[in-house]
Structures are given as structure tokens and as C-alpha cells.
Amino acid sequence: MAAKKTGKVTATKSAKRVANTPSIASAPIVPSWHVAPDSTRAWKTLKKLSVRGKQAQLRTLFAKDRKRGDTFSANALGIHLDYAKNLIDGVTMDALHALASECGVARHMKAMFAGEHINLTEKRAVLHVALRAPKGAVIKVDGENVVPLVHEVLDRMSAFAQRVRSGSWKGFTGKRIRAVVNIGIGGSDLGPVMAYEALKNFSERDAADRSMVFRFVSNVDGEDFYEKTRDLNPEETLFIVSSKTFTTLETMTNANTARAWSLAKLKNPAAVAKHFVAVSTNAAEVSKFGIDTANMFGFWDWVGGRYSMDSAIGLSTMLAVGPTGFSEMLAGMHDMDEHFRSAPAKKNLPMLMALVGLWNREFMGFGTVAVLPYCQYLSRFSAYLQQLEMESNGKQVQLDGTPVRWETSPVIWGEPGTNGQHAFYQMIHQGTSPVPCDFIAFARPLHDVDVHHDILIANLLAQGEALAFGKTPQEVRAEGTPSWLVPHRTFPGNRPSNTLLCEQLSPRMLGRLIALYEHKVFVQGSIWRVNSFDQWGVELGKVLAKNIIPELSGSAKKPNHDSSTQGLISRYRALRGRAK
């Protein structure tokens, strides 16, 4: 689609259209096929099976089925999923698949890919899958094929990235850009920083090199901005301000600080246009800030923040790995999209992970999941999944507004192995609350340094084995351990885990992993009958914070808080030397 040019400002139709939000005045209509899970026959069956599941022993299950590792595993797209070390059997898995069927997951999935307004509380489509659809695909929202709009933005991003990476884009004083700072929060930060850390090894392609610095500022804490910019030169620094509305408090506070930091040296306000670009839909505010809207990259209201890293929000990723690397990541996501909607349920990676996870959460009563990548490049993957899963499915009401009668999102946490082994694995192995784990590894390292990778993978395999089978008191005694020490050296085992053994990390493989977890979340939210695509829970604290800000500075005269909050405000003011 051709861009409409008006003087110096270039605004695409796609960027203008994103701000249009359907009215939410009337209550949504929940489709009849979107049934409550506890009303299904499969749910009742699973409740009965959970009694047996809680008494099952992995040692026994593996002894009875010598091929259990083959029975409960699946391969697709270079990813081998082993879910055999969960407290399941064939009957349990059949019942879980029946639950997905009775809850209309397949129908819900088709509705998403068809552009139906499945985000019922905001009356929007949910089409992050359109962000990675190839040219020529047709995905319609309200009768309009959005794929050309997506590729229009991708093409503009690509042209811009090539200019910056080649050095043809110059700063205000004529110097090339050496540092890129992404300013955003939530989905505008977690995805880009995760992707950069994961793919930094691929940043040397397309004429760029690792001498180009990438930083990410998200926290409104001024220490974050200070540390991320203290060694940078404003003449060589480009800021990407990522905020759909260009009004997000934390992001715009940091953006205004960045603007002042830049102009303290560059002096001329005209310099802003050479050192700032925007990922936003609010052309008026972007222009007011001083950014040329020709360098404003938009996205759409059918893209949720935590599903947006493959949209213009990923501009910093494209700058780091180049348009080719970014396209490969999108292709990997599309690979998994197609696998999700076409593979048989019993070989479908997102479906299997979702069902096993739901079994662990709802029927086994496990409240957390540790995501443990044995790859340093995935150091921020667990943090990324925290938002993806907990903001999506951390809900207490069903689509129709009635309270849920079942557990929803578990707590997601984790760190890369082997560091985590020397931090929290003690609790995972011998604590009182079992923690299901997702182990993630790559068979081929990007840098095969001596024996490092074999040691790394041996640790991963050993941890999964130890969690599953533990060590009995009898085995401990047989080693000659004193009786008084036996309880301390006993491992209960019977602790579930999945292992994802992938071929090798690449932009395409990262895309597949991201989409795998996205669709896992979709399936679970669909069964739990919650809206996985809104986030009303983040709003209240933001509103209250805006009210408190002037009270901390003293400009508000009549605060109205509980005694605890009021006391803390008074103490803060006293510690800052401000009048009571």
C-alpha cells in the first residue's frame, strides 16, 4: 500500500487505522461452543484420574513401559519434546485431548486465524499470526486483508535498518550511529531484549558488527536510564521510543529524559529527529515530541503488547540482526503457526505442552513452572515467558464475567542452567512443593568450546533424571551413609519435567520456540475460558500511582489514603526533606 505523503510527514493508512477501537459499552457475546471446562465429561474424568495421578510413581511408570520415552514424546520443526517425565499415562492424555475437544479449542483456534474478534472484552481480533504471514497470504480483519499492511511496515523497517546498519543514516553532527537504546516497558521491552540476547551472535551479518551497542531502558527508576546511557555519546546514539499511545507513563518519562540527555550536548531541538524514532500510532504526540513521523512505525489494535515483538516493536531486533535475520525469526514463528493449526493433536507440540501443563496446574495442584534454558543466550527467555503466560492467563473471571471455578496461570520463573543449579535447585529437588520444569537445550552449540557443551547437556539430562527418580533411603544407606545423615541425602523424586531438545539456536529456531509458547498459552486460556488477550489487572495500580505522584512532591493538598499508605507517603517526604 502506498504511503500518503503530506509535506515532510509520512503517515501510512495502516498507522492511522490502529487507534480505532470498537466500543466496549455492550457486554460481549460468548460463543456457545466456548463452554466452561468443569461442565464437560472429560473434566469429570480427569478429576477421577487425578486421584490415581497423585499416587503414581515415575519409577513404576517407567518400569512398566520400557518405551515410555518414545510413547510420550513428539518431534517437529527441529524440536524434540519429551514429556515422559510427567505423572501421566495414556488414559490421562486421552482425557486431556477430549477436554480440549469438548472446550472447543479447535474452533477457537480457527476463529483466531480467521480474524474473528476473540478478544471479547476489547472486541478486537487477535492476529499476531498475521505479523509473520508471508507475502501473498490472506488474513482478513473486518473484511480487509491485513497482510499487505504488515509487509508495508516491515519494508519500511527494513529500509530504515539498512540505512542505520550501513552507516548511511547519520546523527545530527554527521557521525554514524554506534548505539541503539530501546525505550519501552512490558511487551515493548521484554520481547526485544530477550530476542537481542538470544540472537546477538547473529548481529554481524549485513554489514554490521558487534561494535554496535544495544541497550534497553524499561524501568522508570532513574538508575536504569543512568546506567544504560552513562558511557554513550549522544552524537552516536539512536533512541527507539516504543509506546502505542505515546502516553505510557514509564516510557514517556524515560523518553523525555533521553531527549533532555541528548539535547544537553546536541543543543538544537532539530537534532531530535536524527536521534529518535517512534514505534507508535499517535502521530500527533510523536510529532510534538520532535520525531519526524516519517520515522514512526505503527502496528494495530489486534496486536497485544506481549505478542508484539514480531511487529514494529521488534525494530531494535531488526537493527541488531538485520532484516534477513528478522525475516528468519518471523519465518520460524510462521512454521510453528502452521504446525499448530495442521498437526494432529497427539503430535502437536503446543497442544501437548498445554495439556500437560494444565494437568499439572489444575489436577495435580502444582502452582509454579520453572523454565530452565541450558543456553546462556536464552538468559531472558524465562522473564519473557512470565509476561506471556501470567499476563495472558492470570485471570479470575471467565469470558462471561463470572468467577472461574478452577486454577488458572501458574507462576512462571527460572534462570539459565547451570547457574540455577547453584541457586534454587535445592528447593526443586528437596523442597516441600514440587515444581514442574521445562528444560530447554540445543544439541549443537553456536560455539563449540572444548568439552563445555557436553558438560552442559549432561547437567540438563542429569537434573531431569534426578527430579524424576530421586534417591531412596535404601540407596543412600547402600553407599555407606551414616543413618543420621540418610534423611538429608534422600531425594523424593517423582517431580515432573518436560525437555525440549532443539537442533541449534538460530533466528528461525527462536521464532519457533516463541510461537510454541504463544500457542501453548492460547490452548490453556481457551480451556480455562478466560480472555488471554486483555490485561485489565495492570490498570488499577497505574491509576493510583498517577494520583500519588503529586502527593510525593507536595503539589496535592488533600490526599485520601489508608493509614499505612499515608504513613509511607509522609515518611518518604520526610526522608526527601520535604514539608509534611
Side-chain angles (χ1 to χ4, degrees), residues 46 49-50 52-76 79-97 346-374 382 410 412-414 417-418 420-421 424-431 433-443 456-472 475 490-502 513 516-517 520 524:
L46 287 162
L49 291 173
S50 68
R52 186 177 70 183
K54 291 174 181 176
Q55 296 171 346
Q57 294 293 315
L58 286 170
R59 285 189 176 224
T60 303
L61 293 173
F62 273 87
K64 287 182 177 179
D65 182 2
R66 297 294 180 179
K67 295 184 177 180
R68 182 177 171 85
D70 294 328
T71 303
F72 299 105
S73 64
N75 292 279
I79 301 172
H80 177 80
L81 167 64
D82 183 319
Y83 58 101
K85 296 185 180 77
N86 285 278
L87 294 164
I88 56 167
D89 57 21
V91 176
T92 303
M93 291 306 301
D94 286 344
L96 286 166
H97 284 291
K346 293 189 177 182
K347 294 296 182 181
N348 193 301
L349 300 186
M351 180 69 75
L352 291 170
M353 288 193 69
L355 294 179
V356 171
L358 187 142
W359 168 257
N360 286 333
R361 176 67 176 124
E362 179 60 37
F363 300 100
M364 300 302 291
F366 302 141
T368 78
V369 173
V371 180
L372 308 169
Y374 276 62
S382 302
I412 306 297
W413 59 289
T418 57
Q421 294 177 199
F424 51 79
Y425 278 42
Q426 166 63 45
M427 185 273 283
I428 292 178
H429 282 287
Q430 292 184 313
S433 299
V435 178
C437 300
D438 284 357
F439 293 103
I440 304 172
F442 301 93
L456 178 72
I457 301 304
N459 271 272
L460 175 146
L461 297 174
Q463 293 300 325
E465 190 174 37
L467 284 168
F469 306 114
K471 198 169 188 179
T472 67
E475 290 170 334
T490 296
F491 292 77
N494 221 40
R495 304 196 168 200
S497 67
N498 298 313
T499 299
L500 290 163
L501 182 59
C502 311
L513 284 172
L516 167 59
Y517 276 93
K520 169 203 163 185
Q524 291 182 335

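Note that this is a predicted model, so its numbers are computed, not measured.
Considering all non-hydrogen atoms of both residues, Ala468 and Lys85 come closest at CB-CD, 3.9 Å. Minimum interatomic distance between Met364 and Asn360 (heavy atoms only, all atoms of both residues): CB-O, 3.5 Å. The nearest pair of heavy atoms linking Tyr83 to Thr71 is OH-O, 4.2 Å. Of all heavy-atom pairs between Leu46 and Ala95, the closest is CD2-CB, 3.5 Å. Residues Ser73 and Asp82 approach most closely at CB-CA, 4.1 Å, considering heavy atoms. Contact between Gly69 and Ala84 at its shortest, heavy atoms only, is CA-CB, 4.0 Å.
From Leu49, atom CG reaches atom CD1 of Ile88 across 12.0 Å, with rounding to the nearest 0.5 Å. Taken from CG in Asn75 to CG in Leu349, the straight-line distance is 8.0 Å, to the nearest 0.5 Å. Atoms CE and CG, on Met353 and Leu355 in that order, are 11.5 Å from each other to the nearest 0.5 Å. Between atom NZ of residue Lys346 and atom CG of residue Leu96 there is a gap of 10.5 Å, rounded to the nearest 0.5 Å. In this structure, Cys502 SG and Leu513 CG are separated by 4.5 Å, a value rounded to the nearest 0.5 Å. Ser433 contributes atom OG, which lies 11.5 Å from atom CD1 of Ile428 (distance to the nearest 0.5 angstrom).
Between Arg68 and Asp89 there is no salt bridge, since no side-chain N of the basic residue sits under 4.0 Å from a carboxylate O of the acidic one.
With sequence neighbours left out, the side-chain contact (heavy atoms from CB on, under 4.5 Å) criterion links Ile457 to Ala441, His453, Leu461.
With a 4.5 Å cut-off on side-chain heavy atoms, Gln421 and Tyr374 count as touching. Looking at Leu352 and His97, their side chains come closer than 4.5 Å, going by heavy atoms from C-beta outward. Under the 4.5 Å side-chain criterion, counting only non-hydrogen atoms from C-beta, Phe363 is in contact with Leu358.
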Verify side chain to side chain contact (heavy atoms under 4.5 Å, CB included) between Leu500 and Leu516, making sure each step is shown before the conclusion. CA-CA 11 Å; Leu500 290 163; Leu516 167 59; 4.2 Å; yes
With side chain to side chain contact (heavy atoms under 4.5 Å, CB included) as the test, would you mind laying out the steps for Leu372 and Tyr425 before giving the verdict? CA-CA 11 Å; Leu372 308 169; Tyr425 278 42; 3.3 Å; yes
Derivation and outcome, side chain to side chain contact (heavy atoms under 4.5 Å, CB included), residues Asp438 and Tyr517: CA-CA 11 Å; Asp438 284 357; Tyr517 276 93; 2.9 Å; yes
Please walk me through it: do Val435 and Arg495 pass side chain to side chain contact (heavy atoms under 4.5 Å, CB included)? CA-CA 7 Å; Val435 178; Arg495 304 196 168 200; over 6 Å; no
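The main-chain N or O of Leu87 is found under 3.5 Å from a side-chain atom of Trp359 such that the two form a donor-acceptor pair.
The number of heavy-atom neighbours closer than 6.0 Å to CD of Gln430, taken from other residues, nucleotides and ligands shown, is above 12.
The one candidate from Val371, Asn498, Leu460 that meets the side-chain contact (heavy atoms from CB on, under 4.5 Å) condition with Phe439 is Leu460.
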